[in-house]
Chemist: 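My questions will all concern the structure given below.
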Amino acid sequence: MKLIFLGPPGAGKGTQAQRIQEAHHIPQLSTGDMLRAAVAAETPIGKQAKDIMARGDLVPDGVVVGIIADRIEADDCANGFILDGFPRNVAQAEALDAMLLDKNIALDAVIELAVDPDVLVQRILKRAQESENGPREDDTEEALQHRLRVYEEQTAPVADYYAGKGILRTLDGMQEMDEVTQQIEAALKEF
Ligand code: AMP
């Protein structure tokens, strides 16, 4: 299964992607995690991305498209993958289409978790406080508000892009986590 999980920061994409990864034995590919690892390792990409990420902007499309193109070539993606945090704008979605066409692969489903924007800020600030690894650099209230704006302006149109292809399922991300997982599983059975 080749899946995309879409949703604003704090919607629970990462948690749900991890659960689906375990249940279906397909890797969760989080561009945010990969970029944070690059920042921590101080690679050239990490150095380029660090400040952009800290303020909540998107890193250049070429960087993330390159990362994903390499990653989906790996053996563990042979049976599928879950893209978490990618694509973040329509240009990335088009680049992904071209990449998959080249490999003769089709996406199965795009799962969007819809959440009331008013609860997101509180949810993320709480997550930041409770994190074992300490808060993320972009979990300040200011960066967070900016990430939400970037989502609305650049990423929300990605849902329309996939709706046009008939593979978008929008679920209520405000429910209990287990309930959301069940709804994702039910939606996946339809494809
Ligand atoms: P995330 O962990 O998905 O919230 O991503 C954290 C940050 O990494 C984002 O705010 C962006 O700065 C960067 N990032 C992650 N994925 C992408 C992407 N697909 N395109 C551009 N920037 C990204």
Side-chain angles (χ1 to χ4, degrees), residues 2-21 27-72 77 81-100 107 110-115 117 119-162 173:
K2 286 97 187 167
L3 307 174
I4 293 177
F5 277 26
L6 263 186
K13 277 190 315 300
T15 305
Q16 297 297 339
Q18 255 165 32
R19 290 178 171 198
I20 300 301
Q21 153 171 287
Q28 167 198 17
L29 310 183
S30 158
T31 39
D33 285 350
M34 293 180 218
L35 289 167
R36 277 185 288 279
V39 171
E42 299 182 358
T43 66
I45 284 180
K47 286 181 187 159
Q48 187 186 356
K50 188 177 191 320
D51 293 343
I52 300 174
M53 291 173 73
R55 53 175 196 266
D57 278 322
L58 297 185
V59 304
D61 292 343
V63 171
V64 282
V65 169
I67 290 177
I68 289 296
D70 285 348
R71 186 62 186 84
I72 63 177
C77 292
F81 46 77
I82 307 165
L83 296 177
D84 165 11
F86 178 93
R88 272 303 221 272
N89 58 29
V90 172
Q92 291 180 14
E94 288 171 347
L96 177 64
D97 272 352
M99 198 189 296
L100 296 179
L107 286 171
V110 178
I111 303 289
E112 180 188 32
L113 299 181
V115 191
V119 304
L120 288 177
V121 174
Q122 293 318 318
R123 238 197 214 190
I124 298 183
L125 293 177
K126 186 161 171 267
R127 176 180 80 184
Q129 273 172 1
E130 290 169 356
S131 165
E132 283 170 20
N133 311 320
R136 280 167 45 168
E137 227 184 322
D138 57 355
D139 272 348
T140 63
E141 188 150 1
E142 191 191 352
L144 194 51
Q145 297 287 6
H146 189 64
R147 282 158 64 200
L148 290 170
R149 268 199 307 280
V150 168
Y151 186 84
E152 272 315 306
E153 289 168 15
Q154 303 198 45
T155 312
V158 174
D160 298 333
Y161 180 84
Y162 290 116

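In this chain, residues are counted from 1 in sequence order. Whatever order the structure lists ligands and atoms in, that order sets their numbers, starting from 1.
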Chemist: Could you tell me whether a side-chain N or O of Arg123 sits under 3.5 Å from a main-chain N or O of Gly10, the two making a donor and an acceptor?
Modeler: yes
Chemist: In plain terms, say whether Lys50 and Glu137 are close enough for a salt bridge, that is, a side-chain N and a carboxylate O under 4.0 Å apart.
Modeler: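 Yes, this pair counts.
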Chemist: Can you list everything that forms a side-chain contact (heavy atoms from CB on, under 4.5 Å) with Arg127? Sequence neighbours excluded, please.
Modeler: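 Only Ile124, Arg136, Asp139, Arg147 meet the side-chain contact (heavy atoms from CB on, under 4.5 Å) criterion with Arg127.
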Chemist: My understanding is that only residues two or more places apart in sequence, or in another chain, count here; which of them pass salt bridge (Lys or Arg N to Asp or Glu O under 4.0 Å) with Arg55?
Modeler: Asp57
Chemist: Using salt bridge (Lys or Arg N to Asp or Glu O under 4.0 Å) as the criterion, list what pairs up with Lys47, not counting sequence neighbours.
Modeler: none
Chemist: Return the protein residues near ligand 1 (heavy atom under 4.0 Å from any of its atoms), ordered by chain and residue number.
Modeler: Thr31, Gly32, Leu35, Arg36, Met53, Asp57, Leu58, Val59, Val64, Gly85, Phe86, Arg88, Gln92, Arg136, Asp138, Arg147
Chemist: Where the side chain of Lys13 meets the backbone of Gly7, is there a donor-acceptor pair that is under 3.5 Å apart?
Modeler: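 Yes, because the side chain of Lys13 sits within donor-acceptor range (under 3.5 Å) of the backbone of Gly7.
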